[in-house]
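The figures that follow rest on heavy atoms only: side chains count, while hydrogens, waters and symmetry mates do not. Computed from a predicted model, the values in this text were never measured in an experiment. We name chains A, B, ... by the order of the sequence lines, and we start the count at 1 in each one.
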Amino acid sequence: AAQTDITVAVPNPSAITWAPMWAAVGEGYFEAEGLNVDVQAVDGSSQVLQAMSAGQAQIGAPGPGPVLGARARGLDVVFIYNLYPKSVFGLLVKADSGLAAPTDLKGKVIGVGTADGAEVSFARAILNDAGMQEGEDFTFLPVGDGGTAAVAFLRGDVDAYAGAVSDAAILANRGLELTEITPDEYLAYFGNGYAVLADYMAENPEVVEGFGRALVKGMRFISDPANEDAALDHMAAGNPSEGEDRGFAASLLAAATERMTPTDAYIEHGFGYQPPEHWQTWQDSLISSGDLEKPFDDLTAGYSNDMIEGWNAE
Amino acid sequence: MTARTREPAEARPVYRIERLTKTYGGFTALHKVNLTLRKGEFGAVIGSSGCGKSTLLKIMAGLLPPSSGRVVLEDKPVLGPRRDIGMMFQQATLLPWKTTLGNVLLPIEMRDGKAAARAAEGRAEELLELVGIGRAKHVFPGELSGGMAQRAAICRMLISDPAVLLLDEPFSALDELTRDFMNMELQRICLEREATSFLVTHSIPEAVILADRIFIMEANPGRVAEIIEIDLPRPRNLDMINTAKFGEIVHHIREKLGKEAFGA
Amino acid sequence: MTARTREPAEARPVYRIERLTKTYGGFTALHKVNLTLRKGEFGAVIGSSGCGKSTLLKIMAGLLPPSSGRVVLEDKPVLGPRRDIGMMFQQATLLPWKTTLGNVLLPIEMRDGKAAARAAEGRAEELLELVGIGRAKHVFPGELSGGMAQRAAICRMLISDPAVLLLDEPFSALDELTRDFMNMELQRICLEREATSFLVTHSIPEAVILADRIFIMEANPGRVAEIIEIDLPRPRNLDMINTAKFGEIVHHIREKLGKEAFGA
Amino acid sequence: MIEQSVTAARAQMPEYEGDTVWSEHEPLIDRIPRWVAMTGLFIAIVGIWYAVTALEIVSNIILPTPMETWSDIVFVGGNMVSGGYMLEALVTTTKTVLLAFGLAMAIGFSLGVLVGETKFGERAVMPYLVAIDTMPKVAFAPLFIAWLGFGIASKVALATFIATFPIVVSTAAGLYAASENERMLFKSIGASRMQTLVRLKLPTGLPYFFTGLKIAAVGVMAGAITGEFLGGGQGVGALIRVSASQLDTPRVFSLIIYLSFLGLALFLAVVWVQKTFVFWNKSDKPGGAA
Amino acid sequence: MIEQSVTAARAQMPEYEGDTVWSEHEPLIDRIPRWVAMTGLFIAIVGIWYAVTALEIVSNIILPTPMETWSDIVFVGGNMVSGGYMLEALVTTTKTVLLAFGLAMAIGFSLGVLVGETKFGERAVMPYLVAIDTMPKVAFAPLFIAWLGFGIASKVALATFIATFPIVVSTAAGLYAASENERMLFKSIGASRMQTLVRLKLPTGLPYFFTGLKIAAVGVMAGAITGEFLGGGQGVGALIRVSASQLDTPRVFSLIIYLSFLGLALFLAVVWVQKTFVFWNKSDKPGGAA
Ligand SMILES: Nc1ncnc2c1ncn2[C@@H]1O[C@H](COP(=O)(O)OP(=O)(O)OP(=O)(O)O)[C@@H](O)[C@H]1O
Ligand SMILES: Nc1ncnc2c1ncn2[C@@H]1O[C@H](COP(=O)(O)OP(=O)(O)OP(=O)(O)O)[C@@H](O)[C@H]1O
Ligand SMILES: [Mg+2]
Ligand SMILES: [Mg+2]
């Protein structure tokens, strides 16, 4: 069969973060669907969406916040697959800090990536619900991510960090043990997933169909502990330098797989399912932080669970 | 070619400068200058610094437009640089990335292109031989002495076979011995080619030894104050400098200029 | 101060250059040069370009170490720049960010500091008056003419009250009229201060009009070929240029040099 | 024969009077008055920009329209005038830029003197400087934050790092600018090496130094913004990053335009200081040494 | 009186022979041989680096030890030699850098000629160039990706954008380098404006142009790496980003060191071409025009 070339834009160059996709590449699931997938890493969700709107990428892996933002700006982009149903974010503290719950953060400094990123809404929601107000009971300090975030802990500039949980795994591997103190209900702040432009989906339904089906297969593949070795090989093919330290890669992969697996409450809907109430949570949060001016007339137009069942069918 | 005998009086006037005025902004550099050169004549202009000598020469060469008045050469008004006018400046300004030969051929190359320049190589080599630096034709200017560089500049001026040579202190950057020698070379070339020449200089002996007529300029505003005919025989040589007659002429001009330059 | 009468023969030798050799890499610029100046004497050195005149002067001034041989001034060997040696170059090289006065005071400022320079202002102003540019003392060099700049350079040389003046073609960048004038100024100053002077020049008339003795240098390797005593009376003036005696001396030197410069 | 034809020519030719027809003309492009040229170019740039957006060649979330950008410029301006948070950000960035510029000047100047004045500097230090300068400085951001924290100090350090090199190169070049004549003069009046450096070589090299400063003015802007991009903080760079992450492109562009005014102001300040300070460089009459 | 004391002095003083004791000495720092100085400096830098890490002034997550870095350099070198993915990355980056350098040269040169040769360019175009150059170019990365895609084209564009300005400035400056004398000469031999530009002003300005190229060589490196950081692709910049996000600092440092060799090579290539090409700039004897 003729192969269709598609480009997938992801917001960071890690392979493990997008493990199901790389497993699908490695196992030939995309090929079987007639897809020839080219993965490109840009800098952040906004650039993913920009690349999609420019037609440079057909499928992207943005976060839900930026997707709603882009929709508000008139880009008809649709979220089709919930890759991180348990959220990519976590509220992290140093393991030996003695801090155990959000309420312990009273009077503390919380590090965030940028002054106004999605993780800020996330952290603010947790702390507000714990009865604390920004400015009075806690402050945010933008510390960037990766190395600079680590620096913030090492210098003692922050007591907690709201950011990607994969960062915690990395820091742990480098000797900085962090624990997550995110209450379970905030897992509703699901993380990045796959999105396409509505136009594209309308014109190329079979591409989107095939992509999702292969993705779910990839997800199943990495979920099976028996496949760990093969999965790590596929990850290393996607990003060789990430795969050099195999033990480290294995721990990262395990952490990522855990976040990608839906909670028991939703597992029955299958991989990729986006609970409407979680979208509602996101919208509310974005409005309260001022990132969105007003609620959407039709929030459901921004996501689609239509194909989930088909993809998950054996 | 044999050395001509001087006969400027009978020769026809080829170069006419009429009521030439040049102002820079509010400053009048030249004021109604009148001046005529006869065919084959060697004219020299002398005057204190800033009296407008270079300005006059540039207008005569068509490098600078006059404010009013006109310049006519061979009955055609000079309205821009012309092929029949050769110029030479105090600095040789050879292009350092071209050989001596390339530098000499530059005017041809600019006006007629590379092919014409290649065709003129033989002539350029002859000229270099003429001024005695034939051996240095493939050498870059960085390796030439000051005198050799000025010789190359002479060849560059002569390559277009100009009818008129305009010389703005051509050898004043050279040391005195080389300068004397080059002046005699210049005389020889002018006589051989019967070129009409016009020399700007600061040096009175230089003007006297070379010129048929000396134009003494005054400043503020620049104008020709006096014209002196030099009737020393041709060809001249450096020994003439030690004759009484030469001394007298020099003395006369120095008096004249000294008064001007240093008051009353 | 009255003009002294010349008496070099009786005066004691103050400046002695003995078996001076200077090599640059493999090239011998000076070869066993011997030369003595007497107190108050005006010496001039003349020779073709590249024969080592500037090199000699720099070694005499302590600006360049000799390869062998020695220089002794007032019985102390010259081993570096000295306060009792004043130097002047072809370029005035005034610092453009200092006024004329500031430039004249530069040597004092460098050697003794700002306070000393301020204390010497009166003397600097006197010197500027002496050379006739008192009015320009608060002017920046950008606004001085070439002649004025060289006058300022003279003052800068004189401000340290040197016993010896070393002059490397000091006025050769000026036009001839200004140059003649400056040479007479120089003579006046040297006579007034009874300074021992040593002039490098390319101009034979300049050397003759100024010097008590002329050292003719030859090149390859640089050495003193002949010493000519000039017994024209002091103070000299420009009119002497037109005397027969002057002409003879110039002619003799030109012959001598001409042979050298342009082959046997 | 020649005589004859000349006479013939003269007969036909009208006598030329003062009104000579000089062919010397500036080409058309150079005779456009400055304000016309600048306005024209401005209109052309905005016109193309408008066309690109209007024809939907580029999506609006990548390139905003000129009108959107303009209205955002007005909004941002209003916020700044009323002392809003954007003014604070601009003040922070300006502070960073000025501090870094001062530091880069001091460090660049010192290193430039070391490189230009000593053989040790020229031969041993310079190669390391070139090697360091070709490194992607962005990678050093965590290091600066580790040492200097999340305040403006770490951004100042990054900006200084970027802006120093051009000053080193040009200062060193400036020290070679003094002529042999001038060096000889200073030697002859007994000036020490230090005096020659301070009183001759440095003043003579000032025009070079200022060229370096102009390049550094641009570099320091880039450095400050990059620092704010990467390491949080409160400056305009952080605002741009937030706006970019929200796909608020009109805001991104209007902030960039404000920054370019800041950069332009710094650049022009250097030009002005040079004109005022190096007054002697305008004329080069015979008396001057330069 | 003076006579007397002089005689006295002479009596005491030994006769000086050829072995004069000249006080002229290079200061100690300048007499160190180059290799000693460079090695010494190298050891000093690594020593301080080691001390900082050994005393745990900076955590190992931020600054690796020299030993870790060295062993990673060896590892990366091995990967490159055996034709591994790092070699590919280096080849990609090198390609980007060279393409961008070529483009920056062409564009910078053209704009430089426009600015230096026409009043229109100088007065109307230059202010815009300065304004554009002070903008944080990183913000334009999405625009380049939108137009040019994820391949090296978008990185080449960003690198070109960054490297062009210094070439413009220096080319324009170079066009002013021809002296009044040389211009007059060209006018007098009837050269057209274009001939004067091509045959006189451009060759005379070459040394300036090369100065611009040296600065651009550094800029193009920074631009390529930044482009790879931000916009996908397979270059060394992308590798650094991955390593940095995993806090694999020894890898970050070793990659940076490889890049700085690439930058140094480009820089030295420019120096070499200049020396070979502008052969006449070495000597400035009287005959030369420059
Ligand atoms: N482009 C110019 N703009 C304004 N004034 C000028 C310009 N060129 C020359 N001048 C002035 O015109 C006068 C005559 O200048 P010119 O160069 O012709 O003098 P000169 O006689 O050749 O002097 P010198 O002997 O020093 O070469 C001078 O006062 C000079 O300052
Ligand atoms: N620093 C140097 N290194 C090598 N050779 C030199 C150096 N300085 C001078 N020379 C050479 O030494 C010789 C004498 O030079 P010097 O400058 O003393 O000559 P000069 O008589 O002053 O010439 P001019 O009349 O042109 O000023 C020349 O051949 C010159 O090329
Ligand atoms: Mg003149
Ligand atoms: Mg000399």
Side-chain angles (χ1 to χ4, degrees), chain A residues 7-17 38-44 46-57 60 144-155 163-164 166-176 236-245 248-249 251-252, chain E residues 56-64 68 72 75-76 78-79 84-89 138-155 158 226-255:
Chain A
T7 299
V8 180
V10 294
N12 70 57
S14 158
I16 292 168
T17 307
D38 174 34
V39 181
Q40 292 292 347
V42 293
D43 189 33
S46 53
Q47 287 199 23
V48 167
L49 290 161
Q50 286 175 325
M52 288 164 69
S53 77
Q56 296 290 355
D145 45 24
T148 58
V151 167
F153 270 120
L154 291 171
R155 285 174 52 89
S166 56
D167 286 355
I170 291 167
L171 290 170
N173 186 266
R174 305 289 175 209
L176 186 66
N239 186 332
S241 64
E242 196 179 40
E244 260 160 26
D245 182 345
F248 177 41
S251 70
L252 280 183
Chain E
E56 304 217 7
I57 297 172
V58 176
S59 151
N60 187 264
I61 301 184
I62 294 152
L63 185 67
E68 284 174 329
D72 209 90
F75 177 83
V76 171
N79 184 298
Y85 69 97
M86 295 198 207
L87 181 70
E88 259 170 64
V138 169
F140 290 92
L143 209 56
F144 289 132
I145 292 175
W147 279 323
L148 301 166
F150 293 106
I152 68 167
S154 55
K155 285 93 195 165
L158 190 67
T226 309
E228 290 171 353
F229 241 79
L230 299 179
Q234 318 295 333
V236 179
L239 293 186
I240 291 181
R241 182 168 168 207
V242 172
S243 306
S245 74
Q246 294 185 342
L247 298 177
D248 186 358
T249 42
R251 176 61 49 82
V252 173
F253 273 66
S254 73
L255 289 174

Study note, to complete from the structure: Cut-off 4.5 Å, heavy atoms of chain A, and the answer for E:F144 is neither
Check your understanding: Using non-hydrogen atoms only, which part of A:E242 is less than 4.5 Å away from chain E: side chain, backbone, both, or neither?
Key -> both
Practice item. Kindly state each residue pair satisfying salt bridge (charged side-chain N to carboxylate O under 4.0 Å, His left out) with at least one member in residues 242-255 of chain E, sequence neighbours excluded. Key: A:E244-E:R251, E:D72-E:R251
Revision key, fill the gap. So, the part of A:T7 with a heavy atom under 4.5 Å from chain E: the answer is side chain
Check your understanding: With a 4.5 Å limit on heavy-atom distance, are the side chains of A:Q56 and E:W147 in contact?
Key -> no
Check your understanding: Given the rule in the side chain to side chain contact (heavy atoms under 4.5 Å, CB included) test, do A:D43 and E:R241 qualify, once you have shown the distances and angles that lead to the verdict?
Key -> CA-CA 10 Å; A:D43 189 33; E:R241 182 168 168 207; 3.5 Å; yes
Exercise for review: Report the option among A:D245, A:V10, A:L252, A:L154 that has the most heavy-atom pairs separated by less than 4.5 Å from atoms of chain E.
Suggested key: A:L154
**Study point:** Student check: side-chain heavy atoms of E:F150 and A:V42 closer than 4.5 Å
**Key:** yes
Review point. Can you name the side chain to side chain contact (heavy atoms under 4.5 Å, CB included) partners of E:E68, sequence neighbours left out?
Key: E:N60, E:P64, E:T65, E:P250
Point to revise | Interatomic spacing from CD1 in E:I145 to CD in A:Q47 - rounded to 0.5 Å | key: 5.0 Å
Practice item. Indicate the atoms forming the closest heavy-atom contact of A:Q50 with E:P142, along with that distance. Key: OE1-CB, 3.0 Å
Point to revise | Pairs of heavy atoms under 4.5 Å with chain A: top-ranked of E:L247, E:L143, E:L239 | key: E:L247
